[in-house]
Number of protein chains: 2
Amino acid sequence: MARVRLIDVAERAQVSMKTVSNVVNGYAHVQPQMRARVQAAIDELGYRPNLTARRLATGRTGMIALAMPEIDHPYFGEMASHLAEIALQRGYRVIIEQTLSDAEAEKAVLQDREAGLVDGVIFQPTRMATLDIARLHDDLPLVLLGEVDAPVTTDHVMIDNVAAARDGVSHLISLGRRRIAFLGLVDGDITMTNHRRLLGYQEALDDAGIRPDPGLVLTTAGFDRHDADDAVDRALDGGLAFDAVLCRDDRFAAGALTALQRRGRRVPEDVAVMGWDDSAITAYTSPTLSSVAPDKRQLAANAFDLLHERMQGHHGPGRHMVVGHGISVRASAPAR
Amino acid sequence: MARVRLIDVAERAQVSMKTVSNVVNGYAHVQPQMRARVQAAIDELGYRPNLTARRLATGRTGMIALAMPEIDHPYFGEMASHLAEIALQRGYRVIIEQTLSDAEAEKAVLQDREAGLVDGVIFQPTRMATLDIARLHDDLPLVLLGEVDAPVTTDHVMIDNVAAARDGVSHLISLGRRRIAFLGLVDGDITMTNHRRLLGYQEALDDAGIRPDPGLVLTTAGFDRHDADDAVDRALDGGLAFDAVLCRDDRFAAGALTALQRRGRRVPEDVAVMGWDDSAITAYTSPTLSSVAPDKRQLAANAFDLLHERMQGHHGPGRHMVVGHGISVRASAPAR
DNA sequence: CAGAATCTTTACAGCGCTGTACATTGTCGA
DNA sequence: TCGACAATGTACAGCGCTGTAAAGATTCTG
């Protein structure tokens with residue numbers, strides 16, 4: 001059987017299409033008896049509105065896209081979950097777009113891919129420079145997530161990575177650690193994020209009167225957890241001495257944990273380990289992982305709010321929102 | 001500036017709309033020079049097709065929905081990632097729908113929510129009975145994931161949970177364990193899955209001539225990781241002796257690990273632990289987690305294939321596909 | 001070289017819905 | 001009792017695209 005259309009309901013109820021439309025959309029000025037008659041016809045025929053047609057007529061899709069590197073990364077999974085929940089409350093649905101940190105895929109997100117499909121995009125770029133983003137996105141409402149260099153025309157939401165790194169390192173210092181490594185420079189990674197985290201790392205050391213040792217900044221070959229593992233291995237092989245390490249994300253921290261324990265270092269006694277993201281991983285490791293904790297819910301909420309304003313027609317220069325963060329203290333770097 | 005439409009390009013290139021449409025869609029019989037002329041106009045104006053309009057005209061959306069309980073559960077995250085990849089290769093995009101194991105949300109997935117929005121749905125139900133599903137889904141192409149009771153009209157893909165549980169338990173038996181617990185009956189959980197896993201559990205014990213002890217089947221209060229933790233705690237408090245445990249998923253296994261280690265049990269020496277799903281979690285725990293490993297990629301691939309046939313117009317009774325599984329051996333239940 | 005066969009291109013209806021403008025009915029005050 | 005004004009309901013264009021049928025252009029036969 002063919003799908004039931006608005007006009008079928010209208011015929012059955014002996015009214016105009018528009019009246020049926022009004023009932024479906026809860027328009028206020030419809031007589032109760034008329035509403036009941038139409039509703040009866042709807043129920044009898046099992047009518048469901050065709051959303052595609054509605055979209056074409058209204059020009060809004062009621063969907064937003066969330067474009068991120070990997071959906072099975074815990075941080076992004078949690079962000080997606082929060083955003084989907086917030087969006088749903090506000091009458092929007094979320095399409096999740098995986099870029100796998102591929103430059104082409106990121107470009108596609110802003111171009112053809114979403115055209116006319118979504119009302120707006122929330123995008124965590126990793127490969128594209130802000131300027132290219134600004135050039136491509138035309139008038140599609142867009143909000144960026146994460147640290148971004150010089151975003152003049154585009155809204156974006158982030159945490160204060162300098163302060164967060166400083167807080168993370170300060171926590172380690174408060175435990176009496178002095179030789180604090182930073183694990184997470186990735187070969188060929190061009191993002192601003194690490195730069196700012198390193199800044200905070202240095203500031204915290206400075207504040208405590210500790211002279212930074214460049215050898216303590218560890219570089220990994222890739223983004224995989226095992227790359228962190230390898231980097232720690234190499235550092236230990238090279239005789240590097242350290243009593244704490246701040247990692248770029250929880251996966252790296254889990255890798256570091258493994259490597260350290262394999263080499264007989266006790267965590268946290270010999271080396272305190274601090275992750276970043278405060279993701280579900282922190283609960284699975286042994287010891288559980290202390291972690292720098294971006295306020296993910298707020299991140300998602302603010303990104304949605306900014307996007308919503310743009311979708312309502314707001315124009316103007318890019319706005320920047322900074323969201324809070326905390327330090328989730330667990331066993332790998334306990335309270336002193 | 002308003003969006004560029006097909007007709008704008010047509011005017012600029014001095015051709016009919018349809019010719020532009022043919023160029024955009026790569027239709028074969030267009031003269032090269034004509035194609036070039038149209039393409040030039042497209043480029044000059046920066047034309048992008050409006051997907052909503054195309055959908056309304058063609059009747060297909062090019063999207064499928066994946067509805068699952070939680071997207072930030074590692075198993076589902078990985079399934080989503082696989083499916084998105086497979087679908088993309090075949091020219092489809094995936095909308096992810098979170099039901100949070102809520103009966104209303106599950107119902108919504110099959111009803112209004114997706115109407116006219118997607119060409120088909122892949123759905124992992126947890127609350128709805130198959131009969132209700134069959135009743136609701138009308139002619140929307142649908143494929144179910146996971147164990148399902150008596151699905152006569154609906155396609156579905158699953159692993160052989162009986163055999164998988166048997167293999168998991170057999171592995172533990174091969175390590176010399178005799179007192180093997182099963183962790184994962186959840187209060188009020190009505191799914192078929194556990195029933196079948198328990199069957200496999202019993203079969204393996206039978207085969208080895210071990211008399212099953214009902215006390216070894218542990219029940220948790222909920223689906224959270226901490227519920228597993230608590231259940232193990234209670235079992236130990238109650239003086240239950242066991243030397244191995246098979247868990248319903250890796251999160252539960254992680255919880256069990258924590259509880260056991262907190263109570264001074266060594267894993268795997270005193271108690272071997274086996275997870276289920278072979279998710280990323282297995283790498284984060286210490287020791288790393290052995291796990292029953294459904295072939296997730298195959299699960300996603302088969303589900304897509306079945307759905308694809310339905311979307312192509314295939315009718316007929318529900319088909320059932322069983323996908324392979326393995327045992328991923330890691331440190332928590334090593335090879336003997 | 002006429003007529004058939006094939007290749008290109010065009011015109012236009014229609015996908016299912018909503019927005020707008022207008023027609024109809026009912027209500028109320030003077 | 002009548003006009004003014006709101007409250008309801010209707011007719012129809014149009015959102016941007018593609019499918020269909022048919023016209024026009026070109027090439028191929030005998």
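Everything quoted here is computed from the prediction, not taken from an experiment.
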*Scan nucleotides 11-22 of chain D nucleotide by nucleotide, 5' to 3', and note B when protein non-hydrogen atoms come under 4.0 Å of the base, S if they reach only the sugar-phosphate, - if neither.*
B---BBBBBB--

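Checking side-chain atoms of A:H315 against main-chain N and O of A:G313 turns up a donor-acceptor pair under 3.5 Å.
Contact annotation: A:H29 does not reach the phosphate of D:dA7 (side-chain N/O to OP1 or OP2, under 4.0 Å). Residue A:T19 places at least one side-chain N or O closer than 4.0 Å to OP1 or OP2 of D:dT10.
Put simply, CE on B:M34 is 17 Å from P on C:dC7, counting in whole angstrom units. Distance CD (B:Q31) to P (D:dG24): 18 Å, rounded to an integer number of Å.
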Could you tabulate the donor-acceptor pairs under 3.5 Å formed by side-chain atoms of residues 26-34 of chain A, not counting sequence neighbours?
none

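For B:E78 and B:K296, the salt-bridge test passes: some basic side-chain N is under 4.0 Å from an acidic carboxylate O. A salt bridge links A:R93 and B:E97; the closest N-O separation between the charged side-chain nitrogens and carboxylate oxygens is under 4.0 Å. Checked for salt-bridge contact, B:R297 and B:E85 meet the test: a charged N lies under 4.0 Å from a carboxylate O. Residues A:R310 and A:D155 are paired through a salt bridge, judged by an N-O separation under 4.0 Å between the basic side chain and the carboxylate.
End-to-end axis angle of the helix from C:dC1-D:dG30 to C:dA30-D:dT1, from C1' rotation axes over five pairs per end: 40° (rounded to 10 degrees).
In this structure, A:F304 and A:H308 have parallel ring planes: the angle between them is below the 30° cut-off, well short of the 60° mark.
Partner A:L306 forms a side chain to side chain contact (heavy atoms under 4.5 Å, CB included) with one of A:L144, A:V143, A:I122, A:T154 and no other, that one being A:V143.
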